[in-house]
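What follows is one structure encoded as structure tokens, with my remarks underneath.
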Amino acid sequence: MPTVQRLAVLTSGGDAPGMNAAIRAVVRAGTRAGWDVIGFRRGYSGLIDDVAIDLDARAVANILQRGGSILDTAREDRFHDPAARERARSVLTNRGCMALITIGGNGTQTGASKLQSVWNGAVIGIPSTIDNDLGGTDRSIGFDTACNTALEAIDRIRDSANTLDRLFLVEVMGRHCGFIALDVAIGGGAEAVLLPEVPFDCDALAQIVQGNYERGKLSCIIVVAEGAFPGGARGVLDEMDARGVSLEAAQGAGARVTILGHIQRGGNPTVRDRVLASRLSVAAVDAAACGRRNLLVGVSSRSICETGFAEALMEKREIDPTQLALVNTLAG
Ligand code: F6P
């Protein structure tokens, strides 16, 4: 039995605004509870290669408001290999770690679950992905900031669209899910939204655009989740042209594509993401201190909840059809 009560933390996968707020809260809550805290660099890469730094309360000063992760992240393919997980297990054991907190999305928590099955310390997950597609929680850290970043960009695009009477296809992130697209479509007053969860219908889109034009709307914003169609927003426009259904003709003016891309992953986290990161991290440390393991902390109806990794990873978060209908209803 190690004499030191050591807690480890890592951030992994796609970075999300609020990861630093989560690291800070894990370290501050952990040290207050008497843990010695270390952070593995670059997610599971640092865990496999045993690259870690000591983290105390001062080491996490002045990071609450910063995007990215002071520990860096990585998408580490080696972790699919049982031999790499075995190396990770022995690194944790040799360093005397009693618990590991994993901050990240689906890939990260899948790795966490696999690691838990070979290690007898506690693995606790904290959901952090701008996509907001992880089960076991209503909200993931980074989603709110990403939506606000995309929304600000759409507001600016709207100024230009209105002024030149143009149609814009604005591509937002979301390879497999449309949560960002749906929220920013409602919040940005988009005329239409295309999601990976809803099969693309060329004629239906042309009808929406033409209907808007006939009702006197001279500009149009269509929000496209990157995974809604192969090639994203550009792919949609090309497909419409290839089928002879011109959006430009339906709109009566020019069409432009704007891809927002990775600006959605960076920047200072919003207050909602800072509060969420702080609450979830304190709950994760608490769960580890109480001897619980093999679970993801989350929020459900504003309260903290805990869900076993297996159940959280099985859950498929669905798009709310009433929210989807709102876009159409409010298009005016
Ligand atoms: O982290 C989620 C996400 O932002 C997705 O929405 C997007 O498809 C993907 O990451 C892009 O990741 P990367 O730039 O690392 O390939």
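All of these numbers come straight from a predicted model, not from anything done at the bench. In listed order, ligands and their atoms are each counted from 1. Heavy-atom basis, side chains included; hydrogens, waters and symmetry copies ignored.
- At the top of the distance list for atom 16 (O) of ligand 1, counting protein heavy atoms only, stands R175 NH2, 3.3 Å.
- The aromatic rings of F179 and F143 sit perpendicular, their planes meeting at an angle over 60°, well past the 30° parallel limit.
- Distance from atom 10 (O) of ligand 1 to its nearest protein heavy atom, with residue and atom name: R265 NH1, 2.9 Å.
- For atom 5 (C) of ligand 1, the closest non-hydrogen atom on the protein side is D131 OD2, 3.3 Å.
- Distances shorter than 4.0 angstrom occur between a heavy atom of R75 and an atom of ligand 1.
- Taking both residues in full, the closest heavy atoms of I141 and L276 are given as N-CD2, 3.8 Å, listed atom of the first, atom of the second, then distance.
- In the hydrophobic cluster analysis, where Ile, Leu, Val, Met, Phe, Trp and Tyr join through side-chain heavy atoms closer than 4.5 angstrom, I38 is grouped apart from M19.
- Between the side chains of N148 and T270, not a single donor N or O lies within less than 3.5 Å of an accepting N or O.
- For ligand 1, none of its N or O atoms has an N or O atom of M173 under 3.5 Å away.
- Ligand 1 has no N or O atom lying under 3.5 Å from any N or O atom of T129, backbone or side chain.
- A donor-acceptor pair under 3.5 Å is formed between the side chain of Q264 and the backbone N or O of G261.
- Scanning the protein for heavy atoms near atom 7 (C) of ligand 1, the closest one is E226 OE2, 3.1 Å.
- Residue contact check for ligand 1: G105 places no non-hydrogen atom closer than 4.0 Å to it.
- The atoms of ligand 1 that sit less than 4.0 Å from any heavy atom of I130 are 4 (O).
- Interface of G174 with ligand 1, defined as ligand atoms under 4.0 Å from a residue heavy atom, comprises 6 (O).
- When hydrogens are left out, the protein atom nearest atom 14 (O) of ligand 1 is H262 NE2, 2.5 Å; that is the closest non-hydrogen contact.
- At a threshold of 4.5 Å between non-hydrogen side-chain atoms, the residues F200 and M240 count as touching.
- Around atom CZ of R215, more than 12 heavy atoms belonging to other residues, nucleotides or ligands sit under 6.0 Å away.
- The two residues H176 and E197 make their nearest non-hydrogen contact at O-OE2, 4.1 Å.
- The shortest heavy-atom distance from Q264 to ligand 1 is not under 4.0 Å.
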